[in-house]
*Asks:* 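I have a structure I would like to understand better, so I am pasting it below and will then ask my questions one at a time.
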Amino acid sequence: MIKYFALGFLVFLSLSSSFVGSVDVDFKEIFVSGSLSSNVFFNLRVPRFILAFFMGVLLALSGWLYQGLFRNSLMTPFTLGISGGAVLGVGISVVLGLEFAFFGLSVSALFGFVGAMSSVLLLLYFSRFVKDSTGNSLLLLGIALSFFFSASLMVLFSISTATQSYSILRYTMGDLSTIGYNEAIVVTLSSLLLLAFLYLKRYELAMLSVSEQNAKLKGLDTKKITLLLLVVSSFVIGVAISITGPIGFVGLIIPHMAKKLFKLPSYKLIVPTALLGGLFLSACDTLSRLWIFESEIPIGVVTAFIGGPFFIYLILKRV
Amino acid sequence: MIEIKNLNFSYDQDVLKNISFKEASNIVILGVNGVGKSTLAKCLCNLLDFRGAVLLDGVDIKKFEAKELAKTITYIPPRLESFDQNISCLDFVLMGRYPYKDPFSQYSKDDIKLCKKLLDEISLEYDKALGSLSSGQEQLLLIAQALSLDANKIIFDEPTSNLDPSHSLELFKSLKNLDKSKQKIVITHDLHFAKALGYKVFFLSKDGLEIYDDADDFFKSENLSKAYGTVFKDGSIFYD
């Protein structure tokens, strides 16, 4: 019962997203062309909702994928250093003063993407020398990379101006504000691509979620499939994180939540995890813009505030 | 036919040293704990990075395509270890049909029918989650999965270690009734089970492999005592 109530509340919060914010949207004026309400609703709120929802889908799916692929409950793009790489890339572009747009996407987003992909390539290169297949060594490599990226970011902070530092800091906390549909479309396509790809590979992922030995014995080329999944997922995550900045906890807690709520084998949780991720992030986005706060709270702060205690609850309940 | 040439494998220290043999008939592999029986089995399935050569029906295993290797040889571990505990018994057994599945389609109706039949034989519900099975049921499920795979050579690693006497007998009968063209390799510490099977005995020790073409030779008390370094009487260990 509580489960359905909580889900219902999440859907309500998610759907209210487009009606919450610093400017009040008048229902009657939404479809009056040229009105402020219509402008705010269709050019700011709706694209923002789409961006938040599909970013949530993407983060939740990537967490689901990494946890099953490496059979480790802590794997996410964050713990693997991919987000750290993106932040460093954006930091470099800000310090270099590159602030022009390229095919509708900012140069800093492109730098973020290059940063995310560089960390994936480094991770893949190092993983060739790792014998342990449980993912623990890869997790440690990811954490080591994250530390390296954080230290590099500190160097950037120390040589940047106050405005540049603020700009980088804001990016590290995640930002879903957007104007128009370019960014929302890129993130939507990225998440749908990942969803389709994971669905296509669901039987292989089911075999890997038992054990690597089980998958190999049934004729799965585990090295090849792992590499393929990592490259495809890192590519789309790199694209998305470069736009919104890193948003923590979604990739970590949503797969666990889906497992707890639906009690299904992980390969049947692809779509529920995706939906839950989308609802969760868009609901968090609504909370971040509630009128009780004087200004917008960074989305990463909201997800961490909700995700942190919830994750502790899950651990204590031994999920 | 399984052929091994100068097989060497080490974790931190050498486990298998210069093992060589060529065998087409059924085998029982015996040996004390930690001597490398399971390691040898995993090398035969290319699960470990070994030195030397393993040839299956004359073909080097490193040259097999993954699905072809799975159809040629399989290994049934003594315990089921799964990260995902919610997978159902039917889904788990169906994984054995993966090498036969069209890459872009679902498992066929025939595959599902076969796997349901295998589960019926061991009286397991199709939807039961892996996490809720007893260790004996896990062992039976692993065997069912391997049978759905239908490989030419099957390695059973301690198949009776979690089974009660009646299920051990069932397994014994199944092994005897299994397609004669399949080569069976059984790793066990259950000497009565091993003797009853009547397969050739490979005794693995730190000094290498000793092969007994006639199993009865090995199961004489004096040979057992020598092999295991403990006292045997009338073919059984002497508890005193």
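Side chains included, hydrogens not; waters and symmetry mates left out as well; all remaining heavy atoms used. In what follows, chains carry the letters A, B, and so on, assigned in the order in which the sequence lines appear, proteins first and then strands, with residues in each chain numbered from 1.
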*Asks:* Please examine the side chains of A:Lys218 and B:Lys67, heavy atoms only from C-beta on, and report whether any two atoms are closer than 4.5 Å.
*Replies:* no

*Asks:* Within a 6.0 Å radius of atom NZ on B:Lys176, are there more than 12 heavy atoms belonging to other residues, nucleotides or ligands?
*Replies:* yes

*Asks:* Crowded around B:Lys62 NZ? As in, over 12 foreign heavy atoms under 6.0 Å?
*Replies:* yes

*Asks:* So which of A:Glu204, A:Lys224, A:Arg202, A:Lys263 has the biggest tally of heavy-atom pairs under 4.5 Å with chain B?
*Replies:* A:Glu204

*Asks:* Using a 6.0 Å cut-off, check whether atom CZ of A:Phe12 has over 12 heavy atoms from anything other than its own residue.
*Replies:* no

*Asks:* Near B:Tyr11 OH, under 6.0 Å, is it more than 12 heavy atoms from other residues, nucleotides or ligands?
*Replies:* yes

*Asks:* Given heavy-atom pairs under 4.5 angstrom as the criterion, report whether the side chain, backbone, both or neither of A:Lys201 touches chain B.
*Replies:* neither

*Asks:* Could you look at A:Leu220 and say if it's the side chain, the backbone, both or neither that has a heavy atom under 4.5 Å from chain B?
*Replies:* both

*Asks:* So which atom in A:Leu217 and which in B:Leu149 form the shortest heavy-atom distance, rounded to 0.1 Å?
*Replies:* O-CD2, 3.6 Å

*Asks:* For A:Ser266 and B:Asn86, run side-chain contact (heavy atoms from CB on, under 4.5 Å): C-alpha distance rounded to whole Å, both residues' side-chain angles, the deciding distance at 0.1 Å, then the answer.
*Replies:* CA-CA 7 Å; A:Ser266 64; B:Asn86 287 334; over 6 Å; no

*Asks:* Are the side chains of B:Asp84 and A:Val210 in touch, meaning some heavy atoms are under 4.5 Å apart?
*Replies:* no

*Asks:* If we only count heavy atoms from C-beta on, is the B:Phe83 to A:Ser73 side-chain gap below 4.5 Å?
*Replies:* yes

*Asks:* Determine whether the side chains of A:Asn214 and B:Gln145 contain a donor N or O and an acceptor N or O closer than 3.5 Å.
*Replies:* yes

*Asks:* Could you report the tightest heavy-atom contact between B:Ala70 and A:Gly219, atom names first, then the distance?
*Replies:* CB-N, 3.4 Å

*Asks:* Which members of residues 91-113 of chain B, sorted by number, sit under 4.5 angstrom from chain A on a heavy-atom basis?
*Replies:* B:Asp91, B:Phe92, B:Met95, B:Gly96, B:Tyr98, B:Pro99, B:Lys101, B:Phe104, B:Ser105, B:Gln106, B:Tyr107

*Asks:* Looking at A:Lys223, I want to see if its NZ is surrounded by more than 12 non-hydrogen atoms of other residues, nucleotides or ligands under 6.0 Å.
*Replies:* no

*Asks:* Hey, what do you get for NZ (A:Lys216) to OG1 (B:Thr74), rounding to the nearest 0.5 Å?
*Replies:* 13.5 Å

